Amino acid sequence: MQRIRLRYTKRGRLRFTSHRDFQRAFERALRRAEVPMAYSAGFTPHPKVSYANAAPTGTGSEAEYLEIALTEARDPERLRLLLDESLPAGLDIVDAVEARTSGLADRLTASVWELRLAGVEPAEAERAVAAFNAAPAVEVQRRTKNGVRTFDARSAVAHLESVTTHGSQADRPTDQPCAILRLVVRHVTPAVRPDDVLSGLRAVADLAPPVPAAVTRLAQGLFDEETGAVTDPLAPDREAKAPEPQPAAASAAAKASA
């Protein structure tokens with residue numbers, strides 16, 4: 001059985017697709033591309049697809065990950081092209097590698113987010129960022145199915161800054177004054193989302209954008225505590241050597257000894 005790991009995006013209007021919507025679209029793409037999928041056992045077999053840490057509905061993303069299991073070996077790049085052609089524009093398969101290591105989900109320990117705050121002056125955003133970074137803790141509230149929950153949004157934020165460049169991948173460009181924030185958030189429990197950080201900025205600095213922020217995940221991967229960088233989670237699979245094929249005689253001997 002071969003395992004392939006894929007990175008995909010949610011761009012433009014497709015950022016409003018829910019995770020369940022994407023699952024349905026992706027399974028249709030697997031059928032269109034005639035991918036030799038492995039299926040689970042039981043009364044209701046389903047394709048073996050493992051999704052990892054999907055972005056919230058309404059946010060764009062350049063770095064979503066999943067893993068599929070195949071019954072026949074396929075070239076990862078060829079498979080990527082076939083699946084990309086079978087998905088709507090905006091849900092794009094941008095990378096594919098053969099899984100040669102374990103623990104993809106364990107390597108997704110942080111995300112890099114970009115928040116575009118239309119109608120907010122950059123100087124105002126900088127003051128709010130400084131107040132947030134200086135605070136030892138920033139308590140925010142989130143409504144859950146079990147009621148309102150209060151938690152600290154500051155401890156999960158490894159880095160937060162206001163950037164001045166407008167060469168952004170975020171959605172919804174605008175001619176109005178616009179502040180752009182970059183933040184690195186550790187994946188903790190309870191999860192701290194970009195909207196929680198916005199709630200924290202409102203709490204410590206009364207920063208309230210006039211329109212909803214356009215949020216895009218730029219990257220996710222293993223967080224390096226020394227450098228503050230978020231590394232590519234597929235790099236270990238690229239760097240790992242493929243197992244060398246055994247000669248037929250050696251393979252037969254190994255089976256006989258087993």
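These numbers come from a predicted model, not from an experiment.
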Worksheet item: Is Asp152 salt-bridged to Arg154, going by a charged N under 4.0 Å from an acidic O?
Response: no
Worksheet item: Quick one: do the His19 and Thr57 side chains pair a donor with an acceptor below 3.5 Å?
Response: no
Item to complete: Check whether the side chains of Thr101 and Arg107 place a donor and an acceptor atom closer than 3.5 Å, and report yes or no.
Response: yes
Item to complete: Answer yes or no: is there an ion pair linking Asp232 with Arg238, defined by an N-O contact shorter than 4.0 Å?
Response: yes
Worksheet item: For Arg217, which of Glu62, Glu64, Arg15 qualifies under side-chain contact (heavy atoms from CB on, under 4.5 Å)?
Response: Glu64
Worksheet item: Considering residues at least two apart in sequence or located in another chain, which fulfil the side-chain hydrogen bond (donor to acceptor under 3.5 Å, both in side chains) criterion with Ser40?
Response: His46
Practice prompt. Taking salt bridge (charged side-chain N to carboxylate O under 4.0 Å, His left out) as the test, write out the residues that go with Arg7, two or more places apart.
Written response: none
Worksheet item: Just wondering, do Thr216 and Thr59 contact through their side chains at under 4.5 Å, heavy atoms?
Response: no
Practice prompt. May I have the step-by-step check of side chain to side chain contact (heavy atoms under 4.5 Å, CB included) for His187 and Gln220, ending in yes or no?
Written response: CA-CA 10 Å; His187 298 169; Gln220 65 170 321; 3.5 Å; yes
Worksheet, complete the sentence: Applying side-chain hydrogen bond (donor to acceptor under 3.5 Å, both in side chains) to Glu124 and not counting sequence neighbours gives none
Worksheet item: Sequence neighbours excluded, which residues qualify as salt bridge (charged side-chain N to carboxylate O under 4.0 Å, His left out) partners of Glu239?
Response: none
Practice prompt. Sequence neighbours left out, what passes salt bridge (charged side-chain N to carboxylate O under 4.0 Å, His left out) with Arg24? Give chain and number order.
Written response: Asp21
Worksheet item: Should the pair Arg32-Glu34 be classified as a salt bridge under the 4.0 Å nitrogen-to-oxygen rule?
Response: no
Worksheet item: Linking Ile, Leu, Val, Met, Phe, Trp and Tyr through side-chain heavy atoms less than 4.5 Å apart, which residues share a cluster with Tyr65?
Response: Val97, Leu104, Leu108, Leu234
Discussion item. If hydrophobic residues (ILVMFWY) are linked whenever their side-chain heavy atoms come closer than 4.5 Å, directly or via other members, who joins Leu30 in its cluster?
Written reply: Ile4, Leu6, Tyr8, Leu14, Phe22, Phe26, Val35, Met37, Tyr39, Val49, Tyr51, Leu66, Ile68, Leu70, Leu79, Leu83, Leu87, Leu91, Ile93
Item to complete: Applying salt bridge (charged side-chain N to carboxylate O under 4.0 Å, His left out), name anything that partners Arg202, two or more places apart in sequence or on another chain.
Response: none
Worksheet item: For Asp84, what residues pass the side-chain hydrogen bond (donor to acceptor under 3.5 Å, both in side chains) criterion, not counting sequence neighbours?
Response: none
Item to complete: Please list, chain by chain and in numerical order, all residues satisfying side-chain hydrogen bond (donor to acceptor under 3.5 Å, both in side chains) with Arg3, sequence neighbours excluded.
Response: Glu67
Worksheet item: Can a salt bridge be assigned to the pair Asp95 and Arg80 using a cut-off of 4.0 Å between side-chain N and carboxylate O?
Response: no
Worksheet item: In chain order, what residues pass the side-chain contact (heavy atoms from CB on, under 4.5 Å) check against Leu81, with sequence neighbours excluded?
Response: Glu77
Worksheet item: Does some side-chain heavy atom of Gln141 sit less than 4.5 Å from a side-chain heavy atom of Ser199?
Response: no
Practice prompt. Quick one: which residue pairs count as a ring-ring contact (aromatic ring centres under 6.0 Å, His included) with a foot in residues 123-160, not counting sequence neighbours?
Written response: none
